[in-house]
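Every chain is numbered from 1, with letters handed out A, B, ... down the list of sequences. These values consider heavy atoms only, across backbone and side chains, with no hydrogens, waters or symmetry-generated copies.
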Amino acid sequence: MRIGKGVNLFDYVKAHKLKNVIAAKVDGKIVDLNFTLDKESDVEFIDIDSKEGLEILRHSAAHIMAQAIQTLFKNAKFAIGPAIENGFYYDVDVGRPLTQDDLKAIEIQMKKITAANYPFARTNVSKKEALRLFKEKGDEYKVEIIESIPDEQVSLYQQGDFVDFCRGPHIPSTNYLKHFKLLSVASAYFRGDETRPSMQRIYGTAFATKEDLDNYLNFLEEVKKRDHRKLGKELDLFSINDDVGAGFVIWHPKGAMLREIIETFEKKEHLKRGYEFVRGPELLKTQLWKVSGHYDNYRENMYFTEIENVSFGIKPMNCLGHIQVYKSRLRSYRELPKRFFELGVVHRHEKSGVLHGLLRVREFTQDDAHIFCTKEQLNDEIIGVLDFVKYAMDIFKFDYEMEISTRPEKSIGTDEDWENATNALINALENTKRPYQINEGDGAFYGPKIDVKLKDAIGRKWQCATIQCDFTLPERFNLEYIDKDGLPKRPVMVHRVILGSIERFIAVLIENYAGDFPLWLAPIQARVIPVSEKFDNYANDVYEQLKKAEIRVDIEKRNETISKKIRYAELEKIPYVLVVGQKESEKNGVSVRKRKEGDLGLLSIDEFITKIKNESGGVL
RNA sequence: GCUGGCGUAGCUCAAUGGUAGAGCAGCUGACUUGUAAUCAGCAGGUUGGGGGUUCAAGUCCCUUCGCCAGCUCCA
């Protein structure tokens with residue numbers, strides 16, 4: 001809206017009772033609410049619960065936190081305190097590590113500050129003046145930050161006795177901040193540089209309403225509850241232990257079964273789509289990794305060993321093996337495209353600090369395939385892969401987003417190659433009729449790519465499929481096929497995964513379902529529970545029949561009350577419990593209890609088998 | 001890798017520098033069970049590993065391994 005010269009926006013908002021407004025955009029520039037128009041302007045008010053509003057609120061929360069810290073720690077020195085995606089942080093140096101108790105104290109102090117309702121006052125000063133001020137305060141980090149700013153005029157914000165160097169804008173006064181919480185503290189380096197002093201980074205979050213804050217805190221609780229490392233232990237799926245080594249997963253029977261189910265699904269689907277199974281060795285001569293370029297570009301992440309004085313590298317990717325299959329004989333245009341698939345086990349050296357459950361490991365299995373095709377076939381091949389992605393995501397009931405990354409500054413290949421491949425990817429994306437995002441210049445140096453990110457049950461995004469065109473490897477390995485005209489031509493190579501890493505995907509599944517796997521994925525689908533030891537024989541009988549019908553079943557023979565045995569089964573999240581006793585043995589049936597739903601009554605064994613087969617949707 | 005926190009029974013967690021404990025799980029026995037925890041008993045440990053301080057170390061110090069969080073989203 002147009003507002004005339006000389007109007008103070010804060011007064012305007014007050015006069016018009018615009019309740020949620022905390023800042024404004026004047027002719028497109030964000031300003032504090034306490035801003036007086038120097039000419040008639042276009043004004044757009046920013047609400048506290050908008051994206052920009054929240055950012056301002058959180059940034060101000062960071063300042064208020066800094067003020068609280070200054071009160072509690074007289075010698076505190078400050079670095080930066082920005083708003084981030086779900087909150088804010090401030091890097092401070094108080095001469096010692098901070099504890100949870102410190103956080104509580106800081107939070108209490110912040111409440112006092114918000115209650116006091118100090119206005120945020122902006123002053124414009126020269127850079128020189130700002131430097132003098134922060135030098136006087138002994139805030140050496142701030143001094144360094146100010147020195148790195150090119151502008152001669154800078155701004156300061158003050159609330160109460162706390163002054164900070166800041167671009168703003170901020171909320172009008174401290175009691176605009178009502179719903180906030182400090183979350184955690186960890187060390188971080190000044191400017192992220194490990195040669196610089198280590199500081200304490202305090203994370204917090206702030207929202208427009210109590211409800212939003214509570215929702216977010218609940219979300220964090222939910223994330224904790226779903227942690228695949230915790231559930232993996234509780235459900236006895238896998239373990240990672242020190243004697244074996246960090247980043248190496250040990251799969252227990254139920255976890256291994258989960259893998260098996262997914263891998264069987266993968267194999268079936270790949271065969272359907274014209275892929276052929278291949279298998280390369282784990283170790284390949286280092287010389288070959290030099291040819292591929294991995295030795296120059298990826299050596300840091302590889303493991304090497306020596307056999308009879310010859311150096312070998314453990315594969316971090318499967319492409320070299322697949323290339324060897326392609327190269328094993330002369331190829332004709334008639335047999336292209338070749339689609340080579342392998343559930344390939346790869347090893348990558350990840351730094352110890354970044355290892356994380358199944359999400360970041362040092363050995364994992366990729367559902368990896370390489371497609372060798374002609375330039376003309378590229379388009380259809382990418383369409384085929386995206387179709388496969390959609391099919392797989394539908395089966396697992398995941399929604400997903402796609403991104404395409406185009407040619408970066410540093411790249412190899414001709415303009416024509418890039419254009420051809422990028423067009424093929426875009427065409428395929430268009431063909432899906434789904435929205436996608438374009439990341440200009442974000443591609444790998446050897447070709448453009450599509451990334452797929454799935455969305456889980458609580459809205460988190462996880463990278464799964466990637467599809468990458470590659471112009472280097474066919475070149476480096478001199479791959480050819482004989483075309484119609486009898487002349488050798490170079491094929492295009494596409495690297496692609498659908499689920500990505502099986503380990504990572506299982507972590508996502510565990511967190512997505514919170515361990516409550518749907519029937520077709522449940523490692524154990526049904527558990528037979530005899531009412532008492534007297535019915536062990538009949539229970540065995542039922543168990544054998546279900547086994548024969550290829551149902552994943554086990555049997556609970558502990559001498560306990562059925563209530564307790566049912567409790568165990570519920571805790572283990574087993575979809576069906578089959579109680580058997582006198583009644584059931586007489587009728588050759590089972591009493592079916594469904595997880596979370598309770599008793600479904602008595603069914604014959606055949607009826608139950610039919611029911612469970614129908615319910616798993618015939619997927620597996 | 002770096003910084004900080006943590007590491008006690010299979011699991012979850014107790015224990016002022018002063019005899020390492022509980023619940024669950026396990027084993028044994030009793031009970032013979034009808035839809036989310038029956039009762040009793042037994043066993044379970046070089047307190048992550050190594051070194052040191054001390055009359056005395058789970059506790060304090062050093063070192064090593066592992067786990068957890070973080071390590072620019074740039075006033």
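Among residue pairs with one or both ends in residues 51-71 of chain A, those qualifying as ring pair (Phe, Tyr, Trp, His ring centres under 6.0 Å) are A/His59-A/His63, A/His59-A/His170, A/His63-A/His170; sequence neighbours excluded.
Contact between the side-chain N/O atoms of A/His356 and the OP1/OP2 oxygens of B/rA69 is found at a separation under 4.0 Å. At the phosphate of B/rU35, neither OP1 nor OP2 sits under 4.0 Å from any side-chain N or O atom of A/Tyr576. Considering only side-chain N and O atoms, A/Arg58 lies nowhere under 4.0 angstrom from the phosphate OP1 or OP2 of B/rC73. Contact check, A/Lys534 against B/rU33: a side-chain N or O comes under 4.0 Å of OP1 or OP2. For A/Lys564 and B/rU32, the shortest distance from a side-chain N or O to OP1 or OP2 is not below 4.0 Å. Between A/Arg201 and B/rC71 there is a side-chain N or O to OP1 or OP2 distance below 4.0 Å. Listed pair A/Tyr568 / B/rA25 meets the phosphate criterion, a side-chain N or O lying under 4.0 Å from OP1 or OP2. OP1 or OP2 of B/rA25 has not a single side-chain nitrogen or oxygen of A/Arg558 nearer than 4.0 Å.
A donor-acceptor contact closer than 3.5 angstrom links the side chains of A/Glu615 and A/Tyr576. No side-chain donor-acceptor contact under 3.5 Å links A/Asp451 and A/Tyr436.
Nucleotide B/rG45 forms no Watson-Crick or G-U wobble pair with any nucleotide shown, as no partner meets the under 3.5 Å limit on both distances. Pairing of B/rC39, defined by two Watson-Crick or G-U wobble distances under 3.5 Å, is identified with B/rG29. With a cut-off of 3.5 Å on both Watson-Crick or G-U wobble distances, the partner of B/rG70 is given as B/rC2. B/rG34 makes up no base pair with any nucleotide shown, lacking Watson-Crick or G-U wobble contacts both under 3.5 Å. With a 3.5 Å ceiling on both atom-pair distances, the Watson-Crick or G-U wobble partner of B/rU12 is B/rA22. Nucleotide B/rG7 forms a pair with B/rC65, judged by Watson-Crick or G-U wobble geometry with both contacts under 3.5 Å.
As rounded to the nearest Å, B/rG34 and B/rU38 have P atoms that lie 11 Å from one another. For the P atoms, the distance linking B/rG26 with B/rU59 amounts to 32 Å, nearest Å. Using P as the reference atom, B/rG10 and B/rG48 are 12 Å apart when rounded to the nearest Å.
Residue-level contact check: A/Ile80 touches the backbone only, with heavy atoms under 4.0 Å from sugar-phosphate atoms and none from bases. Among the atoms of the strands shown, none is found under 4.0 Å from any heavy atom of A/Glu147. In this structure, A/Phe190 reaches neither bases nor backbone, as no heavy-atom distance under 4.0 Å exists between it and the strands shown. Residue contacts for A/Lys565: at a heavy-atom cut-off of 4.0 Å it reaches no nucleic acid atom on any strand shown. Here A/Ser148 lies out of heavy-atom contact (under 4.0 Å) with every strand. Within 4.0 Å of A/Gln582, counting heavy atoms only, lies at least one base atom of the nucleic acid.
You won't find any donor-acceptor pair under 3.5 Å spanning the side chain of A/Gln200 and the base of B/rG70, going by distance alone. At a cut-off of 3.5 angstrom, the base of B/rU33 holds no donor-acceptor pair with the side chain of A/Thr561.
A cation-pi arrangement is present between A/Lys137 and A/Phe162, with the terminal nitrogen or guanidinium carbon under 6.0 Å from the aromatic centre and inside a 45° cone about the axis.
In this structure, the side-chain contact (heavy atoms from CB on, under 4.5 Å) partners of A/Asp442, at least two apart in sequence or on a different chain, are A/Ser405, A/Asn439.
Put simply, the residue from A/Phe190, A/Tyr141, A/Tyr90 that forms a ring-ring contact (aromatic ring centres under 6.0 Å, His included) with A/Phe78 is A/Tyr90.
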